[in-house]
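Please read the structure below before turning to the comments.
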There are 2 protein chains.
Amino acid sequence: MQSPGLLITISAMPSHLDLNSRSVQDYLKALYKLQQQDAPVSTNVLAERLQVAPASATAMMKKLAEAGLVEHIPYQGCRLTDSGRQQALKMVRRHRIIEQFLQQVLHYGLDEVDEEAEVLEHAVSDKLIERMWQVLGQPSHDPHGSPIPDHQGRFPEQSARPLCSFSPDQPLRIVRLKERSPAQLRYLHQLGIEPGAVVRLVDKAPFNGPIILHTPNGQHPIAWELAEAILAEPDTP
Amino acid sequence: MQSPGLLITISAMPSHLDLNSRSVQDYLKALYKLQQQDAPVSTNVLAERLQVAPASATAMMKKLAEAGLVEHIPYQGCRLTDSGRQQALKMVRRHRIIEQFLQQVLHYGLDEVDEEAEVLEHAVSDKLIERMWQVLGQPSHDPHGSPIPDHQGRFPEQSARPLCSFSPDQPLRIVRLKERSPAQLRYLHQLGIEPGAVVRLVDKAPFNGPIILHTPNGQHPIAWELAEAILAEPDTP
DNA sequence: ATTAAAATTTAGTCCAGTCTAAAAATTAGT
DNA sequence: ACTAATTTTTAGACTGGACTAAATTTTAAT
Ligand SMILES: [Mn+2]
Ligand SMILES: [Mn+2]
Ligand SMILES: [Mn+2]
Ligand SMILES: [Mn+2]
């Protein structure tokens, strides 16, 4: 028995995602940072990073997938498509240029720039970003030493290695502090450890134990885990 | 006949309005600008200014009234309370400091600053605003010559008057260009009319007709209406 | 191989802020 | 003073982005 004459079509089609919303931009950036090699990023890890409920991340992944920005394999996680990575890199560029500007021009500390940039990156125009970059003299790195991708998403050469991978006595120049909390950055600053500083590895305990580092203002033990996030290069040039 | 035992209380109480949303901030700022003397601002005028439907403005007014930021007399319009004006002035300060910063530090043109500031004003922290103000040398005016209110909402002294209120031949210094569109600002710039420029009123047609103005780059007729928005003062000091 | 635990998705709500269409109040025209 | 035009408010709906609780799938442990 067919009810005649009434056809209701529910079209959940368009939903044409606003690429420029703060949320979308932050999800893409987070995905980019969590995505090591080719392993897909777990929805929960993503949710944790962005401080939202797992269900919220899942919902967003469905939208981003529909927009062709991520590939979502249900129950397995997701990875950025080329187009998604492009967007993400654009945000990374913005973030890092803003950080550099805050430090150089407005005298922000290393531990303060990230919070402000996290908001500003969504509000500034392309024009403003490029003006900042010009005024700064076209920098290739942010104040933490992280490289700034160019418009094609290419990074400058990086030859630096983690502190803990060097052998003692060689003079080293700190090049980059990776993704540390403001409190950790303040601690490192106080120890004389920041990009550009010249230091020397004094000793290295076995079995990934702490290392002893000679810095411009003293000699300090550093946990292996932390030393992995401090990138340096030989101070020859 | 009373249905027994079931009492449903619908409490539409809290709805504790987020003071820091972009919308709220823009509504307050718009109200402030539209509010001349003590006449309440019409909902429709407000809606027009913010490019939203009248119904949207009404809805927002109800919330702002509930939050004590405006006084809303239904069908008559609304005016800011002291608390609302305070918020609005804070936004005016932000907007103008940002404009000055964009012009001075990032070499924006007079016609470009407003659009960018309109977005940034909602994204920058108090700290960043004050840093900009310091780096700029604590300016008292924005690039259009509009005064920057201080933290208590007080404005610097203003003795300037509209161009059309002066009598011919006196040398005048342009002090401020009020609320003009980017296109008008470009036009004025091209005529040599911008804050700081020294000009001379050559002639004034009767009945609020156009005025003739001698500027650093020529002699130009200016509509009365436009001349009202150009503030100047005698060029004696 | 079952079962228990953990991760993930679905279903159903909520809230801010907008919209359109209809109703109500105000203002203007005669 | 009445009607007509205009302004303003109400009613109802929608969207983006979040949430909680429940269902489902995957993974880990026996
Ligand atoms: Mn962000
Ligand atoms: Mn950084
Ligand atoms: Mn604004
Ligand atoms: Mn201005």
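In what follows, chains are A, B, ... by sequence order, proteins preceding strands, each numbered from 1.
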(message) Could you check whether any side-chain N or O of A:Arg93 sits under 3.5 Å from a backbone N or O of A:Pro149, counting only pairs where one atom can act as donor and the other as acceptor?
(response) yes
(message) A quick test of your reading: do over 12 heavy atoms of other residues, nucleotides or ligands sit less than 6.0 Å from CD of A:Gln86?
(response) no
Integer-rounded Å distance: [N] [atom2] and [X] [atom1]:
| X | N | atom1 | atom2 | result |
| --- | --- | --- | --- | --- |
| A:Ile73 | C:dT9 | CD1 | P | 10 Å |
| B:Arg22 | C:dA16 | CZ | C1' | 15 Å |
| B:Leu19 | C:dG17 | CG | P | 11 Å |
| A:Asp18 | C:dG17 | CG | P | 17 Å |
| A:Met60 | D:dA18 | CE | C1' | 10 Å |
| A:Met61 | C:dA7 | CE | P | 18 Å |
| A:Asn20 | D:dG16 | CG | C1' | 14 Å |
| B:Asp26 | C:dA16 | CG | P | 18 Å |

(request) Using the closest heavy atom to pick a nucleotide of DNA chain D for each, name whichever of A:Ala59 or B:Ala57 lands nearer the 5' end. (result) B:Ala57
(request) By nearest nucleotide on DNA chain D, pick out whichever of A:Ser21 and B:Lys62 is the more 5' one. (result) B:Lys62
(message) Please list, in numerical order, the residues of residues 46-55 of chain B that have a heavy atom closer than 4.0 Å to any atom of DNA chain D.
(response) B:Pro54, B:Ala55
Identify which nucleotide among [options] has an atom closest to any side-chain atom of [X], counting heavy atoms from C-beta outward.
| X | options | answer |
| --- | --- | --- |
| B:Pro74 | C:dG17, D:dG16, D:dT9 | D:dT9 |
| B:Tyr75 | D:dG16, D:dT8, C:dT8 | D:dT8 |
| B:Ser56 | D:dA18, C:dT18, C:dA16 | C:dT18 |

Under 4.0 Å: is that the gap between some side-chain N or O of [X] and OP1 or OP2 of [N]?
| X | N | value |
| --- | --- | --- |
| B:His72 | D:dT8 | no |
| A:Asn44 | C:dA7 | no |
| B:Ser23 | C:dA16 | no |
| B:Tyr27 | C:dT18 | yes |

(request) Test the B:Arg85-B:Tyr32 pair against the cation-pi criterion, namely NZ or CZ under 6.0 angstrom from the six-membered ring centroid and within 45° of the ring axis. (result) no
(request) Just call it for B:Thr58: base, sugar-phosphate, or nothing, with non-hydrogen atoms closer than 4.0 Å on any strand. (result) base
(request) Mind checking A:Thr43 for me? I need base, sugar-phosphate or nothing, with any heavy atom below 4.0 Å counting as a touch. (result) sugar-phosphate
(message) Could you report the tightest heavy-atom contact between A:Gln100 and A:Pro139, atom names first, then the distance?
(response) CG-CG, 4.1 Å
(request) Of all the heavy-atom pairs spanning B:Asn44 and B:Pro54, show the shortest one and how long it is. (result) OD1-CB, 3.3 Å
(message) With a 4.5 Å cut-off on side-chain heavy atoms, are A:Val124 and A:Ile98 touching?
(response) yes
(request) Evaluate the criterion side chain to side chain contact (heavy atoms under 4.5 Å, CB included) for residue pair B:Met60 and B:Val24; output intermediate values, then yes/no. (result) CA-CA 8 Å; B:Met60 182 59 89; B:Val24 167; 4.0 Å; yes
(message) For B:His107 and B:Gln103, which I'm curious about, is there any donor-acceptor pair between the side chains at under 3.5 Å?
(response) no
